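Input: a single structure, listed below in structure tokens.
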Amino acid sequence: MPHSIVIFGASGDLTSRKLVPALYSLFRGGSLPADTRIIGYSRTPMSDDAWRTSLRETTAKHAEGEPFDEKAWGEFAPRIHYQPGDIGSSADMEQLKERLAALEGAAAVTRVYYLATAPQFYEPVVGAIGALGMASEENGPRRIVVEKPFGTDLETAKRLNAQLHTVFAESQIYRIDHYLGKESVQNIIALRFANTIFEPVWNRRYIDHVQITVAEEVPVGRRGAYYDGSGVLRDMFQNHLLQLLMVTAMEAPVKYRATAVRNEKVKVLESIRAYEPAEVAEVAAAGTRGQYRGYLADPGVAPGSQTATFGAIRLEIDNWRWQGVPFYLRSGKAMSCRTTQIVIAFRQPPLELFAEGKRGMLREGNRLVIQIQPAEGIQLHFHTKVPGGGMKLRLTDLEFSYSREFKGRLPEAYEPLLLDVMTGEASLFARSDEVEKSWEIIDPFVRAWSSGGMPPIDLYEPGNWGPTSSDAWINAQGRSWFDICPVL
Ligand code: BG6
């Protein structure tokens, strides 16, 4: 069956930086289903050709991996169409409907609506699709992809879910989190459930704690106007960090199918100890926050803003597997380097045989470090005897690296996710209850951190691992951050 991908917000950044380059890469690699067409919709008046020309330039810049292939682009470009129009105008939306009908003809088509607009346009687009009967599946499947941010808190997320459900069935809705499209994130599921050696130690008996870090070297830059109202908790924790936590902590699904996978993920969220709004002080103590020096000068940032550009929080998962094993989640902008990693920190051996007389001196425990990006791979850290006299030990590691093991480029996160939407595979997309539960967990932190009673935010110099209070906070809990930049 042919596919139509209708992109709302066609002239925006996401379309030119991620969506079209991903579709082009799929095409070049031979995996884009034959007979796929892309229809862009936004207000800028433009012809098909003008849009193709502008996309050629941006795609050449943003398609990662191999050099731009002019010939492949030449074959891909005729699939791209553009329809100018205003989301708020029913006459314009009607024209879009007619254009789609003209392009698709009478054949049954799988049609994907992609919301790549600013979030305030989600509701009007969905309303118009509903009013024009464009969600009806009489002539093939109709699906809608909703980008983040999915609401700004629990209440707005519930409202958006309710509105989507007036037009689309849950099975037609694909809430995207591009972290789940990353190869190394999907590999966590393979690591855990396609092997037998990790499962027996993947629990409170052997694991002391888990650290999930998403550090970015870049500052907020030009995105100040959006970011200042969002902050690191809404921008990164509610979605990407909690997704990483879920795949690390979930039980094995009975099948690798959307319902089974999502059920297990939601169970993790349900097991996270919830904070009541009245526990603001406790919530505040369960985390630490900071802002890089210079953030206030970024365009769009309010004078004297207390928005956190760095955050670290501790979550407890109250279930049989994880009770008593803290999950430390940390993310920030303008940090030492770009690294996303999950550290499974194992307990110490019961007896320190080699502590050289200093009883009680704990050495570093074993670690499994899952490098999500940019140096995708996995390392197992363990102690080994240094050759020579005496029992001198050193931490060393076994290492798996994607670039050494698999030649060629790793697909960009949007590539597998777009293919999944086209084929109706929803395992890597968030269900309505999953999104709402995520907000339930993050909202108390947002409220605590923005409450008047908080001391002024800690500052950190760009190029650090957040404020020094972050180290003090975790050290006070008898642990330390694993602060290593990956070797590229
Ligand atoms: C986005 C955030 O969702 O993820 C950005 O809005 C962030 O602030 C980005 O920079 C990080 O994505 P990646 O894939 O570069 O780690």
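The figures here come from the full heavy-atom set of this structure, side chains too, leaving out hydrogens, waters and symmetry mates. We count ligands from 1, going down the list as the structure has it; atoms in each ligand are counted the same way. These figures come from a predicted structure and were not determined experimentally.
Around atom CZ of Arg321, more than 12 heavy atoms belonging to other residues, nucleotides or ligands sit under 6.0 Å away.
Not one N or O on the side chain of Ser438 forms a donor-acceptor pair closer than 3.5 Å with the backbone of Asn239. In this structure, Asn187 contributes its side chain and Glu183 its backbone to no donor-acceptor pair below 3.5 Å.
In this structure, Phe429 and Tyr174 have perpendicular ring planes: the angle between them is above 60°, well past the 30° mark. Tyr414 and Tyr114 have tilted rings, their planes meeting at an angle from 30° to 60° on a 0 to 90° scale.
The ring pair (Phe, Tyr, Trp, His ring centres under 6.0 Å) contacts involving residues 436-456 comprise Tyr275-Phe445, where partners must be two or more places apart or lie in separate chains.
Residues of the protein with a heavy atom under 4.0 Å from ligand 1 are Lys148, His178, Tyr179, Lys182, Glu216, Arg223, Asp235, Met236, His240, Lys333, Arg338, Gln373, listed by chain and number.
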